[in-house]
Trainee: 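Handing you this structure, nothing more for now.
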2 protein chains.
Amino acid sequence: MKTETRRTPPEPRWLDDVEMAAWRGYIETVAALGAALDADLAPHGLAIGDYEVLVRLSDAPGHQLRMCDLAGKLRLSPSGLTRRLDGLVKGGLVQRDPSSDDRRVMLATLTERGLQTLTQAAPDHVESVRSRFLDQLSLTEIEVLAGAFNKLRASLETGSCSAPRDPQ
Amino acid sequence: MKTETRRTPPEPRWLDDVEMAAWRGYIETVAALGAALDADLAPHGLAIGDYEVLVRLSDAPGHQLRMCDLAGKLRLSPSGLTRRLDGLVKGGLVQRDPSSDDRRVMLATLTERGLQTLTQAAPDHVESVRSRFLDQLSLTEIEVLAGAFNKLRASLETGSCSAPRDPQ
DNA sequence: TGCAACTACTTGCGTACGCAACCTTCGCGG
DNA sequence: CCGCGAAGGTTGCGTACGCAAGTAGTTGCA
């Protein structure tokens, strides 16, 4: 749309130049960055989504999490997580264990092989994040970004399942 | 792709707290923000992707663009764009016109109805972007974000089709 | 104790998208 | 002109995911 302020019923406060730069920049950077990170991780046979699953599990006590909690952390729907795990289980990186506490619950558990894969991939991924993201920015910018994302995230907070708020 | 460092990795430079905050914040904000904007736009019967198509067309001379150029601007694959247009064409918001210059080319053209839909949706969308994004941040933050995204985008530049670099 | 309501997960179905294969058309060297 | 490679677009196929419905198990409440 043109940044034209013509007659429009209510009150469309169009974006000024800086706002537009921030917004368009956001939109386009997100797409490009996601694609680049995915490509960087491909040699390890993992998609970003897979990697995120492994990270969350490796962070968890006993290297395992309830499906529901994991879905919350990953912002995936239950069915989405089920099927993502299908792939990881088939690859032997994760296994499903029924919970003894609550027999409705399935625990996703990182296998030895999964941990090994993650351990191999993590340094490369971190390096990828650095080269694509952090290295391009000054310390000040990184600090401002961290603060800004924190604000944005807080204002978008929803919450699902019975997942306890995820720290960090 | 990346510097090969395997086998007794020479100290992967892990992320410190600020870096991690920026990165995790980015990851989680992107997901939440995208979902929120999509939801805000749903009442107009448009997905964000549809909206983006309409915006690009409305910006173009004659309200039309070659498929290939449009795909470049939207970072969509040719087939992805074909099918997204299918939906918009079926909805009467866009029409396909064969180019008279080059008979390989299809021109996507914004219809009167498409322009009308965009005109109705745009103020709401802008308001959505404001309330979810810009209003949460200070002017300084917005400026820093704009600059940061600009740097990131520049370092990720690829280019596709014969699309001329898209300004702004 | 018994049943209704809720929770955790899975499955069926629909959508969005990328890749590869496939036409058509263009442009170029002979 | 012919042939050939390249470019623009569409279609077939596979993957990822969300929603709604279904199943199994649990909890609350009388």
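First the proteins, then the strands, lettered A, B, ... as listed; each starts at 1.
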Trainee: Can you tell which of B:R83, B:R56, B:R84 makes a salt bridge (charged side-chain N to carboxylate O under 4.0 Å, His left out) with B:D50?
Mentor: B:R84
Trainee: Let me know the distance between CG of B:L85 and P of D:dG8, rounded to the nearest Å.
Mentor: 16 Å
Trainee: Can you check the A:D50 CG to D:dC17 C1' distance for me, whole Å?
Mentor: 13 Å
Trainee: Which residue pairs pass the ring pair (Phe, Tyr, Trp, His ring centres under 6.0 Å) test with at least one member in residues 64-104 of chain A, sequence neighbours excluded?
Mentor: none
Trainee: Do the charged groups of A:E52 and A:K73 touch, with an N to O distance under 4.0 Å?
Mentor: no
Trainee: Look at all strands and tell whether B:L76 reaches a base, only sugar-phosphate, or nothing, counting heavy atoms closer than 4.0 Å.
Mentor: sugar-phosphate
Trainee: Could you tell me how far apart A:Q64 (CD) and C:dC9 (P) are, to the nearest whole angstrom?
Mentor: 12 Å
Trainee: Kindly compute the distance separating OH (B:Y51) from CG (B:D38), expressed to the nearest 0.5 Å.
Mentor: 13.0 Å
Trainee: If I compare all heavy atoms of B:L152 with all of A:T29, which pair ends up nearest, and what's the gap?
Mentor: CB-CG2, 3.8 Å
Trainee: So, A:D86 and A:R96, do they make that salt bridge, N to O below 4.0 Å?
Mentor: yes
Trainee: Does a sphere of radius 6.0 Å around CG in B:D17 hold more than 12 heavy atoms from other residues, nucleotides or ligands, not counting ones at 6.0 Å or beyond?
Mentor: no
Trainee: Inspect the contact between A:R66 and A:D69 and indicate whether a charged nitrogen and a carboxylate oxygen are less than 4.0 angstrom apart.
Mentor: yes
Trainee: Within this structure, what is the CG-to-C1' distance between B:L107 and D:dG9, rounded to whole angstrom?
Mentor: 12 Å
Trainee: Scan nucleotides 25-28 of chain D against the protein and return all N/O pairs shorter than 3.5 Å with their distances rounded to 0.1 Å.
Mentor:
from	atom 1	to	atom 2	distance (Å)
D:dG25	N2	A:R104	NH1	3.0
D:dT26	OP1	A:R103	N	3.2

Trainee: Tell me whether the side-chain N/O atoms of A:R84 come closer than 4.0 Å to OP1 or OP2 in D:dA16.
Mentor: no
Trainee: Let me know, please, whether A:G49 or B:L81 comes out on the 5' side of the other along DNA chain D by nearest nucleotide.
Mentor: B:L81
Trainee: Output a table of nitrogen or oxygen pairs between the protein and nucleotides 11-15 of chain C separated by less than 3.5 Å.
Mentor:
from	atom 1	to	atom 2	distance (Å)
C:dG12	O6	A:R83	NH2	2.3

Trainee: Measure from CZ on A:R96 to C1' on C:dT10 and round the result to the nearest Å.
Mentor: 9 Å
Trainee: Take atom CE of B:M106 and atom P of C:dT25, then tell me their distance rounded to the nearest Å.
Mentor: 11 Å
Trainee: B:M67 has an atom CE; how far is it from atom P of C:dT25, in whole Å?
Mentor: 17 Å
Trainee: Between C1' on D:dA16 and CD on A:E52, what's the gap in Å once rounded to a whole number?
Mentor: 16 Å
Trainee: Between A:D40 and A:R132, is there a side-chain N and carboxylate O pair less than 4.0 Å apart?
Mentor: yes
